[in-house]
Amino acid sequence: MNPIPAVKRNRKFDPKTFLATIGEGRRILVVSKDQTIYSQGDPADAVFYVQKGKVRLSVVSKAGKEATIAILSEGSFFGEGALAGQVLRMGSAAAMTSCELLQVDKKAMMNALHREHTFSDVFVAYLLARNIRYEEDLVDQLFNSSEKRLARVLLLLSHFGKEGIPEAVVPKISQETLAEMIGTTRSRVSFFMNRFRKLGFIEYSGGLGGGLQVHSSLLNIVLHD
């Protein structure tokens, strides 16, 4: 009796290709600086992946107070609450710079996660890493001074410690946004930024209105007791 031939397997799935190309339920969005990607209260029907640029996530309270939750860069997912039963967006997302995003419809994302274990591994690993980051943020808020919190945020925005090379210039970010992120006032942020600049930890590219150069020496503020 001839053995039953094995079913021919599909070609190897490549998560990087999936996240870099369009296809069923996937499309590329080119978003201009300051353009809204979605607003708080919009239907939660898709997940987004940042291919290029930086995205700001924020939330507004019933009293109208706005808070910055996170600033995301290349390789980040957001809007994944759609996969966990979220019907409406809990917050807003906007482009801080010109962005290229992959928008994946909820159904297409769920299908890919169920079918492709390599992709689900990548996605889960990202979520776990971000959860660790959120825990670190909470500890930072509870136990560190506003000066240390600001230094840490600037180092994170410059990708310090990621592949060992800080980003050349952090795109312009307002002091109001930095104040929201670390839970202090704009005047305190201004005071610390001026201090960091005088100490040579940071410098402005193209003047105060330009991008921000963050030097690794700023780590001294975070490590100093």
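These figures come from a predicted structure and were not determined experimentally. FYI, side chains are in, hydrogens and waters are out, and symmetry mates aren't considered; it's all heavy atoms of this structure.
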With a cut-off of 6.0 Å (strictly less than), are more than 12 heavy atoms of other residues, nucleotides or ligands near CZ of F191? no

For R188, does its backbone N or O pair with a side-chain atom of T185 as donor and acceptor, under 3.5 Å? yes

So do the side chains of I28 and L101 get within less than 4.5 Å of each other, counting heavy atoms only? no

Membership question, hydrophobic clusters at under 4.5 Å side-chain separation (ILVMFWY): are I69 and I132 in the same one? no

If you measure from CG on D140 to CZ on R133, what distance do you get to the nearest 0.5 Å? 9.5 Å

Any chance you could measure E100, atom CD, to K52, atom NZ, to the nearest 0.5 Å? 4.5 Å

Answer with yes or no whether the hydrophobic clustering places F119 together with L83; edges join I, L, V, M, F, W, Y residues whose side-chain heavy atoms lie under 4.5 Å apart. yes

Which of these passes side chain to side chain contact (heavy atoms under 4.5 Å, CB included) with I202: M193, Q213, H215? M193

Close side-chain approach of L155 and V153, heavy atoms under 4.5 Å: no

Using a cut-off of 6.0 Å, state whether more than 12 heavy atoms not belonging to L138 lie near its atom CG. yes

Min side-chain heavy-atom separation L212-L157 under 4.5 Å: no

Does the gap between the ring centers of Y38 and F48 come in under 6.0 Å? yes

Side chain to side chain contact (heavy atoms under 4.5 Å, CB included) for S146 and F192? Distances and angles first, verdict last. CA-CA 9 Å; S146 53; F192 292 133; 3.3 Å; yes

Among all residues two or more places apart in sequence or in another chain, which pass the side-chain hydrogen bond (donor to acceptor under 3.5 Å, both in side chains) test with T21? R26

Strictly distance-based, threshold 3.5 Å: is any side-chain N or O of S190 a donor or acceptor partner for the main-chain N or O of S187? no

Those residues at least two apart in sequence (or on a different chain) that pass side-chain contact (heavy atoms from CB on, under 4.5 Å) with T177 are R56, T68, I71, I173, S174, M181

To the nearest 0.5 Å, tell me how far L127 CG sits from R130 CZ. 6.0 Å

Any Lys/Arg nitrogen of R152 or E136 sitting under 4.0 Å from an Asp/Glu carboxylate oxygen of the other? yes

Set out, in order, the CA-CA distance, both residues' side-chain angles and the distance that settles side chain to side chain contact (heavy atoms under 4.5 Å, CB included) for F123 and L128, then state yes or no. CA-CA 9 Å; F123 188 65; L128 290 173; over 6 Å; no

Give a yes or no on whether V222 and V189 share a hydrophobic cluster (residues Ile, Leu, Val, Met, Phe, Trp, Tyr; joining criterion: side-chain heavy atoms under 4.5 Å apart). yes

How long is the straight-line distance from CD of E180 back to CD of E176, given to the nearest 0.5 Å? 8.0 Å

CG-SG distance between L29 and C99, expressed to the nearest 0.5 angstrom: 10.5 Å

Would you say that F77 contacts V50 through its side chain, given a criterion of any heavy-atom pair below 4.5 Å between the two side chains? no

Side-chain heavy atoms of L218 within contact of L154, under 4.5 Å: yes

Indicate, with yes or no, if L88 and V47 share a hydrophobic cluster defined by side-chain heavy-atom contacts under 4.5 Å among Ile, Leu, Val, Met, Phe, Trp and Tyr. no

Got a second to check how far Y49's OH is from E74's CD, nearest 0.5 Å? 9.0 Å

Close side-chain approach of I221 to R195, heavy-atom, < 4.5 Å: yes

Under 3.5 Å side-chain donor-acceptor pair for Q40 and S92: no

Is V122 reachable from M109 through a run of I, L, V, M, F, W or Y residues, each pair having side-chain heavy atoms under 4.5 Å apart? no

Evaluate the criterion side chain to side chain contact (heavy atoms under 4.5 Å, CB included) for residue pair R27 and D105; output intermediate values, then yes/no. CA-CA 9 Å; R27 65 189 183 106; D105 293 343; 5.8 Å; no

Is a donor on one side and an acceptor on the other found under 3.5 Å between the side chain of S145 and the backbone of K148? yes

Does the side chain of D45 reach to within under 4.5 Å of the side chain of R89, using non-hydrogen atoms? yes

For the residue pair F196 and F201, categorise the inter-ring angle as parallel (less than 30°), tilted (30 to 60°) or perpendicular (more than 60°). tilted

Give a yes or no answer on whether the side chain of T97 reaches the backbone of K54 with a donor-acceptor pair at less than 3.5 Å. yes

